[in-house]
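Throughout, a chain's letter reflects where its sequence line sits, starting with A, and its residues are numbered from 1.
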Amino acid sequence: MDAFTTHTGTAVPLQRSNVDTDQIIPAEYLKRITRTGFEDGLFASWRKDPDFVLNQPHHAGATILVAGPDFGTGSSREHAVWALQNYGFKVVISSRFADIFRGNSGKGGLLTAEVPQETVEKLWALIAADPATEVTVDLAAQQIRAGDLVADFAVDGYVRWRLMEGLDDIGITLQSGDAITAFEKQRPEFTPTTG
Amino acid sequence: MARTLAEKVWAAHVVRHAEGEPDLLYIDLHLVHEVTSPQAFDGLRVAGRGVRRPDLTLATEDHNVPTINIDQPIADPISRAQVDALRANCAEFKVPLYPLGSIEQGIVHVVGPQLGLTQPGMTVVCGDSHTSTHGAFGALAFGIGTSEVEHVLATQTLPLKPFKTMAITVDGELPPGVSAKDITLAIIAKIGTGGGQGYVLEYRGSAIRGLSMEGRMTLCNMSIEAGARAGMVAPDETTFEYVQGREHAPTGAAWDEAVTYWRTLPSDADAVFDAEVHLDATTLSPYVTWGTNPGQGLPLSGSVPSPANASDEVERTAIERALDYMGLVPGTLLREIPIDTVFIGSCTNGRIEDLRAVAEVLRGRQVANSVRMLIVPGSVRVKLQAEDEGLDTVFIDAGADWREAGCSMCLAMNPDKLAPGERSASTSNRNFEGRQGPGGRTHLVSPAVAAATAVVGTLAAPADLPALS
Ligand code: SF4
């Protein structure tokens, strides 16, 4: 996984609340067995509407998504994270993320920056005034900077550390191999096996 | 110190604890299906890692599989590729698999409990948010993403931060015709789709104690729709009775030892929850959703809400959007909404008890001409049991379509879909836009309400039906 320290790019305002993962990527796009190529399914049904914000030429190449509250609710599909990443997003900003989505994002290297709804609205206003506004998301300082806006964001401390180090979770856990083996030795005999 | 059920199960599974880091939690049972696993197995191969405990892992095929002609190759090439990938991965990594055609095949959350693999006090995970279902046994069970699937395959553990706990107490006797599905829709309507966020919900109170295991599974299943990571019910005699004698349940002295342990699991009397919610069971009635998230539900006696009555701007636009998508007009009585398709099934309500509830309503009655009714058992075992009890004859005589086991129209990854604009009453768990097919409109209901709706052609409860002569 690439280390993430700071990112600067343009942003897309997604002025909707409760964007569930079925909207981020509908089930019919989940059938691929690789981790790439999911960008075609991103917001697929909304993208059929020419007026949808992602279809606006002035938002082409944006790497930051600024969404309404309760982003990523519903299905645990990690494809939602891959779809956002495959499309080119590095950061999602919202005032509230669904737990599983946030967890999946941290693992996949997509930063979920949590800010008060007020900050989201200020960002929306800045982008509306000038879609080319550069937004900097500084993970080291936990700060978002855009135009004259400087705002702190919240992110889980452990996820932040892992993202900044570019560390793979499984590698970290395998360092505890002895502890896992010791734990297995004292599991009750009556716990079932599947074989 | 007094502890809750969730805290006890958590504490019993901590492999490693370090200040400022997530706990490393041992996973007792890892369920796998074709949609969220291929990339995880791929990751193992790339890193040269194996599956640590194939004997604590079980795979089945459910999300994609067709519900007709299952003896023929899957027609959709992409679905077939996913199923084939699962079969190849399970063979390569020695993971037990119940494929299409096996007597143990079915929806992953129906299969686990039915085999006796889900037991009190366990940690259960699956790359599927409705893993919360297994919490009905007093297990800590939650959905994970594909990276976590890979993590569990490789290490049989997960690094996790402790969850907060919420007690949802439902006291009193349920009125006739009110089921676990109605309780859960009422809870979600009350606390909202984000109300449980960050929490493990523990369902308590006399109404919960009175539920069967099937009912408790329905309830825990939908915890995720309130935003919670998991839902749990403390194990009791009902639980033990359900588990005992199943294929993977302990026997003899091991059974006694297990039950002794399981009896220590319920929350201590003075345990403190981070949040509490109370519901009076006697005030409940059949619930239906009118909108595009499971929190947008009302008693069936109600009418479609108006955006004008919203408490704030966010809610107002949410209602407007939902009504627009659902093609509904404020003020319309819910009972007057015509339904095109009735879907019975899913890990929420695809168990034998649900099918019995449907048969009870359909027996001697006919599905309305304007309605197509699809009945999809949650597993092959459920199907066989239903056929054993003659329920299939009741369904077929009523004009319903009796299918093979799978997720089917719960998420429309197989050919069972709503057409754009088509409206369903569905016993599944999600009424999101397009969930049951692009442009499809979903009303979530209980099995009894779904069956009555099929007969009437508009949303209805069994009590609305004329008595049979
Ligand atoms: S029945 Fe529906 S909710 Fe349950 S596992 Fe299948 S797709 Fe998921």
Side-chain angles (χ1 to χ4, degrees), chain A residues 15-18 20-23 26-28 30-35 44-45 68-70 73-82 96 98-101 103-108 117 156-158 168-174 176-177 179-180 182-184 187-195, chain B residues 15-16 20-22 24 26 28 35-36 38-39 42 47 49 54-58 78-79 81-82 85 96 116-117 119 122 127-129 143-148 150-151 154-157 159 193-194 197-198 227 229 248 250 254 257-258 261 293 314 318 411-413 430 432-435 438:
Chain A
Q15 290 170 290
R16 299 184 186 205
S17 61
N18 241 305
D20 59 70
T21 51
D22 273 80
Q23 303 318 317
E28 54 184 301
L30 304 186
K31 294 177 178 174
R32 223 173 250 110
I33 54 176
T34 58
R35 275 196 193 225
S45 57
D70 291 316
T73 52
S75 153
S76 62
R77 58 187 70 160
E78 201 157 336
H79 312 67
V81 174
W82 303 333
R96 201 158 57 182
D99 285 335
I100 302 183
F101 177 81
N104 288 342
S105 297
K107 288 175 200 305
Q117 180 61 21
D156 177 86
Y158 182 72
D168 154 6
D169 246 356
I170 298 179
I172 299 173
T173 297
L174 287 174
S176 301
I180 300 173
F183 184 91
E184 283 176 333
R187 290 177 73 231
E189 295 265 330
F190 57 75
T191 49
T193 55
T194 56
Chain B
V15 172
R16 182 174 169 276
E21 288 178 35
L24 191 61
Y26 198 81
D28 292 320
V35 179
T36 54
Q39 287 88 357
D42 228 20
R49 291 167 177 150
D55 63 329
L56 302 184
T57 313
L58 181 72
I78 306 173
S79 290
Q82 273 197 349
L117 281 170
Q119 297 173 16
M122 289 173 62
D128 185 284
S129 52
I144 56 178
T146 299
S147 292
E148 290 171 304
E150 184 180 337
H151 196 286
T155 70
Q156 204 56 36
T157 64
T193 53
Q197 202 183 319
R229 277 312 301 271
H248 292 272
E257 197 192 328
Y261 171 59
N293 73 57
V314 174
L411 93 166
M413 268 185 99
R430 288 189 172 143
F432 297 157
E433 294 181 19
R435 169 79 176 183

Top contributor to chain A interface from [options] [non-hydrogen pairs under 4.5 Å]:
options                        : result
B:A254, B:S147, B:P159         : B:S147
B:R435, B:Q156, B:M122         : B:R435
B:H248, B:H151, B:R229, B:M413 : B:H151
B:G194, B:A318, B:G198         : B:G198
B:D28, B:D42, B:V314, B:N293   : B:D28
B:L411, B:L24, B:I144, B:D128  : B:L24

Select, from [options], the one with the greatest count of heavy-atom pairs under 4.5 Å involving chain B.
options                : result
A:R77, A:E189, A:R16   : A:R16
A:P188, A:P192, A:G195 : A:P192
A:G74, A:A80, A:G177   : A:G74
A:D22, A:L30, A:I180   : A:I180

Engaged part of [X] at the chain B interface, taking heavy atoms whose separation is under 4.5 Å:
X      : result
A:Q23  : side chain
A:F190 : both
A:S75  : both
A:D20  : side chain
A:D169 : both
A:A98  : backbone

So, do A:F183 and A:R187 sit near enough that their side-chain heavy atoms are less than 4.5 Å apart?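 Yes; the side chains approach each other to less than 4.5 Å.
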What I'd like to find out is whether the side chain of A:D99 reaches to under 4.5 Å of the side chain of B:Q197, using heavy atoms alone.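 Of all side-chain heavy-atom pairs linking B:Q197 with A:D99, at least one is under 4.5 Å.
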Distance-only, no hydrogens or angles: does the A:S17 side chain make a donor-acceptor pair with backbone N or O of A:G68 under 3.5 Å? no
Polar side-chain atom of A:T193 near backbone of B:L56 as donor-acceptor pair, under 3.5 Å: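 No, A:T193 side chain to B:L56 backbone: no donor-acceptor pair under 3.5 Å.
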Let me confirm one number: the CZ-OG distance from A:F101 to B:S129, rounded to the nearest 0.5 Å.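 Going from CZ on A:F101 over to OG on B:S129, the span is 14.0 Å.
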State the OG1-CD distance between A:T21 and A:E78, to the nearest 0.5 angstrom.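 The distance works out to 11.5 Å.
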Sequence neighbours excluded, which residues qualify as side chain to side chain donor-acceptor pair (under 3.5 Å) partners of B:T36? B:H33
Which portion of B:A85 sits near chain A, non-hydrogen atoms under 4.5 angstrom: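 Contact with chain A is through the side chain of B:A85 alone.
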Counting only heavy atoms closer than 4.5 Å, note whether B:Q39 contacts chain A via side chain, backbone, both or neither. both
Assess the residue pair A:E184 and B:Y26 against the criterion (side-chain contact (heavy atoms from CB on, under 4.5 Å)); give the C-alpha distance rounded to whole Å, side-chain angles, the decisive distance to 0.1 Å, and a yes or no. CA-CA 9 Å; A:E184 283 176 333; B:Y26 198 81; 2.5 Å; yes
